[in-house]
*Asks:* 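The structure that follows is given in the form of structure tokens.
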Amino acid sequence: MSTELPPELPPELPKAYDPKAVEPQANAVWTEEKLFHAEPTDPGEPYAIVIPPPNVTAALHLGHALNNTLQDILTRWRRMAGDNAVWMPGTDHAGIATQTVVEKRVLAEEGKRRTEFQRDEFVAKIQTWKDEYERRITEQLKAMGCSCDWDRQAFTMDEPRARAVREAFFQLFKDGLIYRGKRLVNWDPATQTALADDEVEMEEIDGHFYYLRYPLEHAAEINRDGSYLFSYVTVATTRPETMLGDTAIAINPRDPRAAALRGKKVRLPIVNRVIPIIEDDYVVLPDPKSDDPKAQFATGFLKVTPAHDPNDYEIGLRHKLPLINVLAPDGTISDQYGWPKDDVEAGGAEEFLGLDRFEARKAVVEWFKQNNLLENVKPYRHSVGHSYRSHVPIEPYLSDQWYCKVTDDRLAGAALRAIAREQSDSATPSPRRGEGGGEGQGALEEKRSFDSTTRSPLSPTLSPAGRGSKDWEGQLKFFPARYAKTFQSWHENIRDWCISRQLWWGHRIPVWSGSPNEVADTVEAQLNRWASEGKADYQKKPFVHQGDDSGWAARDARGNLLEWFVAVAPGNTGVEQWLEKNGFTQDPDVLDTWFSSGLWPMSTLGWPERTAALEKWNPTHTLCTAREIITLWVGRMVMFNLYFLDRLPFTDVSIHPMVQDGEGRKMSKSLGNGVDPLDIISSHGADAMRFTLAHMTTQTQDVRMPVERDPKSGKNTSPKFDIGRNFCNKVWNAVRFGIMNLSDEATKRRSDEGVDESKWSLADRWIVSRFNRTVAAANEALSNYRFDQYAKTCYDFFWSDLCDWYLEAIKPAMRDEKRAGQTAHVLAAVLDGSLRLMHPMIPFITETIFWKLNEVRPKRGLPGRLECPPSKRLIQAAWPKVGEFAEAAESIFPKLQEVVGAIRNLRNEYKVDPKKSVTVTIIAPAEAARQITENREAVELLGVCVLKQVGPDAKAPAKASRATAAGAEIYVEGLVDEAGEGARLAKRRDEVVKSIGAMEGRVANAAYVAKAPPHLVKQTLDQLAELKAELLKLETALAKLG
RNA sequence: GGGCGGUUAGCUCAGUUGGCUAGAGCAUCUCGUUUACACCGAGAGGGUCAGGGGUUCGAGUCCCUUACCGCCCACCA
């Protein structure tokens, strides 16, 4: 295991950070030493994340980069914190999507359609595509530094996952939760597959309302006196071509014409079918003045086409209407799928056969026109479901499909019970097992913040959700909490899930069907034997529609009620062979992609085997994903995991924003606004990309990333990544500075002594305390999945506190051998701690310079304040603990910063050469004066000045410009522009007067004094006094200027 | 139609239970290449917190309402 480092960094670090020189090296070490790998037997509390498996349709985009950055941050954080952390990687076969891209490519490159190949042959082509993209995706994740346990990489269609799918299907089948249904499905005629409701996208299109006249079989009276006779009814439709399948006309029973038409029939044009007029509340009454566009357009008569419209289907169920399907699966008019031949021929509808649905629409309208039955055509804009894959309009199509009865209480009901109660507006992060108490990292600050809010404290004793019994109830939490509602309402309104897809790429449905005849008894006896052995299970009434319409639905033209469906448990190839020998054939369809991904938190850990990994890491801890698949994916994982294992798949769901371009559009290939993570890694570095992505991961639902084309490379990029690159460069150079000062050579110049806090400067105490605050804030941010706050708190600490102030302040001390020893202790520890703190976010640069720090100064750490337990690799190093704070230093140092700020401000206003020192006099109360004097070196250095006089009795010099800061008067001598000084003082005076006015108003308000918290009132009064004092001095100064 | 986000500086975004003069990065302007860093340093300017109303001593923050942008669900007569 003691592999040595690949090429070391040069002794002298280059001035600019070059990610290309660092990233491959760190990655090589992590891989070589297997530092991403975890075993269930490893020490630490279990912490697992399963990757949302990217589709193998294409390489990863920026959204993936964001998603995986966050997961890696969590994984590395928990790993450093001592958890037994594992991140399970893998990819998804993405049935429809992948098959579609390969079909398109094959058509483009070979000019062949899928149907021109054998199934095996075509699946092999898809497999090749999958291999290519799985490889590329894996490379991308590795380039990003994702610390996935690559030994556990999975694919939704590989052997272990296939076994899980077979097992899950079989169990559900056996438990009566899978059934064959004849239903109207969302049919995509282009790809010829059924789509889930979620896969249908609504698009607004400009269509027409066609008003068609259907002659009555016998003219009807409308008035009692018989003065007016109906000879026809007019229906309004957007889909005239489906009239060939009409089986009724519906009218609202409240319609005044209903009575006259009761029991009447119409003769359907073209086909001459005689169909009844029925009454149904669903029909909208016509009303030209209504706000409802439907009422405006309606005629009061609705053509009912149960086989081609979901609502008509429902009406058909209510009125037991026949179903006549007039379309073929490719969307052409056909008499082969349920339209009786004699019916076609009766009216001479043959001429429409073979027409595409859109051609048929024109032809039907033309026919009505020719026969004077077209009453009107009006333009109508409405939304139409389109396939999310092929983008053609969806056809509601009657077909045989497999369904999973997710409406069962054991599935959707259980998922609903899993949602945390208080998810209405806030959530408490799940405790990590074993965390908490005084030992836990960040305990101090976390307790504080939790105590001061309405949140319940992290409870170290609460058992992990979902181990046995029903302790998973109410344990599923969403971040941000509002997404719990999305999850909830979906499950409340859930419909049974159509799990079969007419595809070749996917898990073939493990059901064999056949129609045993003379040997039925023998077959049944055999099947019953297998059923009792748990090897197979069967259903005998497959065509029976679920529900009270069974009698009606069973009246299928083919009436093949004896078909048997046999589900075979995994690993029983003998049974499968026997079935095939006896005339059974396997279902040609495959399972919906989400069926296998729904098992992901189980299947990646070895289920259905009760592996050690499964028992250790399932439930996993956090699922990190985008909101678009809360229902499609998260919901199904929850249902499956609860059903099969009686525990949650995860306790926390962290939903991150979607990345859009600068105009708020989705990034997509067709728009050309996508950004390739590898391009950013190449131009800015992986750490820079990760930092930027984490930094922009706020709680909103979308984040915008202005996209530009880099003129040099011609690739898309975004200026937003500069922030990450600049920050990495800053980190690099700060450590470079540190290393220069901590090297052997530097060490020789100073006394070798142990850490002695009593010798620390104010800046030392301040920066250590600030570091500890930062650790606490980072813990808080990460615990709440506030990646933006984590990034920002690190950024502010490192850049502002550490670089801008501390590193500048200690420069004199580092040159003074008496003091350099203590300062070096502090500097080394703070740098070390910072690297630990930021490693999850920017792993490459921190890991690499950590090695350098180890080389230059192996022993680091400030006992009790900032511990740095040694580690060869940063990825394995201990996460910082929150040490003690130094309240005094934290209150004094900012005052010095204010004083320095005031001096700098004056210097800048008078355009003093930055190198030139100025002379400063400060009039301040005794205590403040003492603090300034004690730290005069820092003030002088940072303000580039010499402090001439500091004290309550210091004399304001003549010809000096003046400012106030932290209650002190500051005079910079030699800045003589009197007119400018007068203007400046006047400006300040105006500000002060304005503030005084505001505060006096507040104080004069009796209600304010009575009702506002006392400390605020006191604060206002103090400030008022201060401002008044300042005003007095300002006026004196102005008077002097004349 | 139902639900949910968003609207804060030129741009991208923070702003935690209402409480100091509303912040950051980028961009702009001024000064500066001081031995960690010009992927830098010091400083400046820039906001009626979308509009209107309400609650409150006090509203960017809470409530109502309007407008616009976006997402999800439902709906193809």
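The sequence lines fix the lettering, A, B, ..., with proteins before strands; numbering per chain opens at 1. Side chains included, hydrogens not; waters and symmetry mates left out as well; all remaining heavy atoms used.
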*Asks:* For A:Asp246, what residues pass the salt bridge (Lys or Arg N to Asp or Glu O under 4.0 Å) criterion, not counting sequence neighbours?
*Replies:*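 Residues passing salt bridge (Lys or Arg N to Asp or Glu O under 4.0 Å) with A:Asp246: A:Lys303.
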*Asks:* Would you kindly give the CD-to-P distance between A:Glu628 and B:C73, to the nearest whole Å?
*Replies:* 10 Å
*Asks:* Using a 4.0 Å heavy-atom cut-off, does A:Tyr211 contact any base of the nucleic acid, only the sugar-phosphate backbone, or nothing at all?
*Replies:* nothing
*Asks:* Please report the shortest heavy-atom distance between A:Gly724 and A:Thr692, naming the atom on each side.
*Replies:* N-OG1, 3.3 Å
*Asks:* Can you check whether A:Gly901's main-chain N or O pairs, donor with acceptor, with A:Asn905's side chain at less than 3.5 Å?
*Replies:*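 Not at all, since once roles are kept as given, no pair shorter than 3.5 Å links the two residues.
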*Asks:* Taking only the C1' atom of each, what is the distance from B:G25 to B:U34 in whole angstrom?
*Replies:*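 So the two C1' atoms sit 26 Å from each other.
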*Asks:* Whole Å only: how far is the CZ atom of A:Phe787 from the C1' atom of B:A14?
*Replies:* 17 Å
*Asks:* Partners of A:Arg1002 by salt bridge (Lys or Arg N to Asp or Glu O under 4.0 Å), sequence neighbours excluded?
*Replies:* none
*Asks:* With both distances under 3.5 Å as the test, what is the Watson-Crick or G-U wobble partner of B:G1?
*Replies:* B:C73
*Asks:* Set out, line by line, the N/O atom pairs under 3.5 Å between protein and nucleotides 3-9 of chain B.
*Replies:*
none

*Asks:* Hey, are A:Asp788 and A:Lys792 close enough for a salt bridge, meaning a charged N less than 4.0 Å from a carboxylate O?
*Replies:* no
*Asks:* Rounded to the Å, how far apart are A:Arg907 CZ and B:U34 P?
*Replies:*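 In whole Å, B:U34 P and A:Arg907 CZ are 15 Å from each other.
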*Asks:* Produce the list of close N/O pairs, under 3.5 Å, pairing protein atoms with atoms of nucleotides 19-29 of chain B; give distances to one decimal.
*Replies:*
from, atom 1, to, atom 2, distance (Å)
B:C20, O2, A:Gln1023, NE2, 2.9

*Asks:* Show your working on side chain to side chain contact (heavy atoms under 4.5 Å, CB included) between A:Trp490 and A:Ile630 and close with a plain yes or no.
*Replies:* CA-CA 9 Å; A:Trp490 187 72; A:Ile630 290 173; over 6 Å; no
*Asks:* With nearest nucleotide decided by heavy atoms, which residue, A:Lys720 or A:Asp309, maps closer to the 5′ end of RNA chain B?
*Replies:* A:Lys720
*Asks:* Could you tell me the Watson-Crick or G-U partner of B:C68, where both distances fall under 3.5 Å? Say none if there is no partner.
*Replies:* B:G6
*Asks:* Sticking with atom C1', work out how far B:C69 lies from B:G51, rounded to a whole angstrom.
*Replies:* 15 Å
*Asks:* Apply ring pair (Phe, Tyr, Trp, His ring centres under 6.0 Å) to A:Tyr483 and A:Phe478, showing your working.
*Replies:* CA-CA 6 Å; A:Tyr483 291 113; A:Phe478 286 82; 7.7 Å; no
*Asks:* Just call it for A:Cys728: base, sugar-phosphate, or nothing, with non-hydrogen atoms closer than 4.0 Å on any strand.
*Replies:* nothing
*Asks:* Roughly how many Å is it from CG in A:Asp710 to P in B:C39, rounded to a whole number?
*Replies:* 16 Å
*Asks:* Does A:Lys911 come within less than 4.0 Å of A:Glu909, counting only side-chain N to carboxylate O?
*Replies:* no
*Asks:* Please give, in whole Å, the distance from B:U34 P to A:Leu942 CG?
*Replies:*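 Rounded to the whole Å, the gap is 18 Å.
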*Asks:* For B:A36, does OP1 or OP2 lie under 4.0 Å from any side-chain N or O of A:Lys811?
*Replies:*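 A:Lys811 to B:A36 OP1/OP2: side-chain N or O found under 4.0 Å.
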*Asks:* Whole-Å distance between B:C72 P and A:Ile629 CD1?
*Replies:*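 Rounded to whole Å, this separation is 13 Å.
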*Asks:* Paired with B:A44 by Watson-Crick or G-U wobble geometry, both distances under 3.5 Å: which nucleotide is it?
*Replies:*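 By the stated definition (distances under 3.5 Å), B:U28 pairs with B:A44.
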*Asks:* When the P atoms of B:G46 and B:G23 are compared, how many Å lie between them, rounded to an integer?
*Replies:*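 Going atom to atom, P in each nucleotide, I get 13 Å.
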*Asks:* With the side chain counted from C-beta on, respond yes when A:Thr305 and A:Thr237 share a heavy-atom pair under 4.5 Å apart, and no when they do not.
*Replies:* no
*Asks:* Report the distance from atom CG of A:Leu906 to atom P of B:A42, rounded to the nearest whole Å.
*Replies:* 17 Å
*Asks:* Look for any protein N or O under 3.5 Å of an N or O in nucleotides 43-45 of chain B and output each such pair with its distance, or none.
*Replies:*
from, atom 1, to, atom 2, distance (Å)
B:G43, O4', A:Asn908, ND2, 3.0
B:A44, OP1, A:Asn905, ND2, 3.2

*Asks:* Over how many whole Å does the gap from A:Ile394 atom CD1 to B:C75 atom C1' extend?
*Replies:*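 About 15 Å, once rounded to whole Å.
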*Asks:* Verify whether one side chain among A:Thr1020 and A:Tyr1008 offers a donor that lies under 3.5 Å from an acceptor in the other.
*Replies:* yes
*Asks:* Extract all donor-acceptor atom pairs below 3.5 Å that involve side chains of residues 989-999 of chain A and protein atoms in other chains or at least two apart in sequence.
*Replies:*
from, atom 1, to, atom 2, distance (Å)
A:Glu991, OE1, A:Arg988, NH1, 3.1
A:Ser995, OG, A:Glu991, O, 3.2

*Asks:* What is the base-pairing partner of B:G19, counting Watson-Crick and G-U wobble geometry with both distances under 3.5 Å?
*Replies:* B:C57
*Asks:* Quick one: is B:A14 close enough that its OP1 or OP2 comes under 4.0 Å of any side-chain N or O from A:Thr698?
*Replies:* yes
*Asks:* May I ask you to decide whether A:Glu708 forms a salt bridge with A:Lys720, counting only side-chain N to carboxylate O separations under 4.0 Å?
*Replies:* no
*Asks:* Do side-chain atoms of A:His386 reach the backbone of A:Val384 as a donor and acceptor pair under 3.5 angstrom?
*Replies:* yes
*Asks:* Would you indicate which nucleotide in B:G70, B:C69, B:C11 comes nearest to any side-chain atom of A:Arg704?
*Replies:* B:C69
*Asks:* Using the closest heavy atom to pick a nucleotide of RNA chain B for each, name whichever of A:Gln789 or A:Val1009 lands nearer the 5' end.
*Replies:* A:Gln789
*Asks:* Between B:C71, B:U30, B:A36, which one does the side chain of A:Glu808 approach most closely?
*Replies:*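 In terms of side-chain proximity for A:Glu808, the closest of B:C71, B:U30, B:A36 is B:A36.
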*Asks:* What's the gap between B:U65 and B:U30 when it is taken at their C1' atoms, as a whole Å value?
*Replies:*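 46 Å, rounded to whole Å.
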*Asks:* Between A:Arg213 and A:Glu375, is there a side-chain N and carboxylate O pair less than 4.0 Å apart?
*Replies:*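 A salt bridge is present here (some side-chain N lies under 4.0 Å from a carboxylate O).
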*Asks:* Establish, with yes or no, whether the OP1 or OP2 oxygen of B:G41 is under 4.0 angstrom from a side-chain nitrogen or oxygen of A:Lys730.
*Replies:* yes
